[in-house]
Amino acid sequence: MRKFFLTILCLGCALSGESPALDVAAKLLEDYQQQRKACGDEDALQVLRLKIRYTEMKAWTALETDDEAYEQAEKELLALREQAYRLAKARYEQGLATMRDVYETGAQLYYMTESSQRVRPTLEELRTMRMSLLRSARATGNKAEELKTEIIWYTRWYN
């Protein structure tokens, strides 16, 4: 429920440009992390994904008003996406994450970075993961997974 509230709050913040809303979202994110850690249910990848959403909202909020804050948010966003991709890939190799985690974090990173960046999947790796996820979804008749895979692929290429 807090994830949903954080997302809605960040979206409202981005649309209205209100800095207090962004401060509240930051506090909610911190509370969420502490709550998950206290319960022994901390998922570093999930926390990184929430931080990425929050940082995207910071960047959107600063886009038209503060070039310096926007550039700082973009740098932070790139670092978070690299970290999420590395974590998802390492977990996948250990059998602790799904290929979908690697595909989603890799696609986000791929489209944000230029070819000279340090860490990112190749286009061929993304294609291979996409085809594997599609085969698996079709074999099990899971239309929702098939659509999620295709949405990630096509929204990145046609935006």
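These figures come from a predicted structure and were not determined experimentally.
- Interatomic distance, CZ of R120 versus CG of L78, reported as 11.0 Å (0.5 Å rounding).
- From Q108, atom CD reaches atom OH of Y103 across 11.5 Å, with rounding to the nearest 0.5 Å.
- Two residues are said to be in side-chain contact when any heavy atoms from C-beta on lie closer than 4.5 Å; K89 and Y85 meet this criterion.
- To the nearest 0.5 Å, the span separating CD on E82 from CG on L87 amounts to 13.5 Å.
- Here the side chains of L50 and R53 are in contact, with some heavy-atom distance below 4.5 Å.
- Atom CD of Q94 has more than 12 neighbouring heavy atoms from other residues, nucleotides or ligands inside a 6.0 Å radius.
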Check: Which is it for T61 and D66 under the side-chain contact (heavy atoms from CB on, under 4.5 Å) test, yes or no, and what are the steps along the way?
Finding: CA-CA 9 Å; T61 301; D66 188 347; over 6 Å; no
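- With sequence neighbours left out, E124 forms a salt bridge (Lys or Arg N to Asp or Glu O under 4.0 Å) with R127.
- Taking a cutoff of 4.0 Å between a charged side-chain nitrogen and a carboxylate oxygen, D43 and R49 do not qualify as a salt bridge.
- For K75, there are no salt bridge (Lys or Arg N to Asp or Glu O under 4.0 Å) partners, not counting sequence neighbours.
- Here E145 pairs with K148 in a salt bridge; the nearest charged N to carboxylate O distance falls below 4.0 Å.
- How far OG1 of T55 is from CG of L80: 5.0 Å, rounded to the nearest 0.5 Å.
- When hydrophobic clusters are built by joining Ile, Leu, Val, Met, Phe, Trp and Tyr residues whose side-chain heavy atoms come closer than 4.5 Å, directly or via intermediates, Y154 is grouped together with M112.
- In this structure, K58 and E76 have side chains that are in contact, with non-hydrogen atoms separated by less than 4.5 Å.
- A pairwise comparison of heavy atoms in A84 and I52 identifies CB-CD1, 4.0 Å as the closest pair.
- Rounding to the nearest 0.5 Å places CD of Q83 at 10.0 Å from CG of L45.
- Considering every non-hydrogen atom in both G106 and P121, the closest pair reads O-CG, 3.4 Å.
- For the pair A97 and A88, the tightest heavy-atom approach, listed with the atom from each and the gap, is CB-O, 4.0 Å.
- The nearest pair of heavy atoms linking T122 to Y110 is C-CE1, 4.2 Å.
- Qualifying salt bridge (Lys or Arg N to Asp or Glu O under 4.0 Å) partners for R130, counting only residues two or more places apart in sequence or in other chains: E150.
- Each of L134 and L126 belongs to its own hydrophobic cluster when Ile, Leu, Val, Met, Phe, Trp and Tyr are linked at side-chain heavy-atom distances under 4.5 angstrom.
- Partners of T98 under the side-chain hydrogen bond (donor to acceptor under 3.5 Å, both in side chains) rule, at least two apart in sequence or in another chain, are D101.
- A donor-acceptor contact shorter than 3.5 Å links the side chain of T140 to the backbone of A137.
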Exercise for the section: Report the C-alpha separation of R100 and T149 in whole Å, then their side-chain angles, then the decisive distance to 0.1 Å, and conclude whether the side chain to side chain donor-acceptor pair (under 3.5 Å) test is met. Expected result: CA-CA 8 Å; R100 171 158 306 287; T149 302; 2.4 Å; yes
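- R81 is not listed as a side-chain neighbour of T105, based on a closest heavy-atom distance of 4.5 Å or more.
- Members clustered with L147: none, using a 4.5 Å side-chain heavy-atom cutoff among hydrophobic residues.
- R138 pairs by the salt bridge (Lys or Arg N to Asp or Glu O under 4.0 Å) definition with E146, not counting sequence neighbours.
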**OP:** Begin from the C-alpha positions of T128 and E125 and carry the test side-chain contact (heavy atoms from CB on, under 4.5 Å) through to its verdict.
**Re:** CA-CA 5 Å; T128 301; E125 289 172 325; 5.7 Å; no
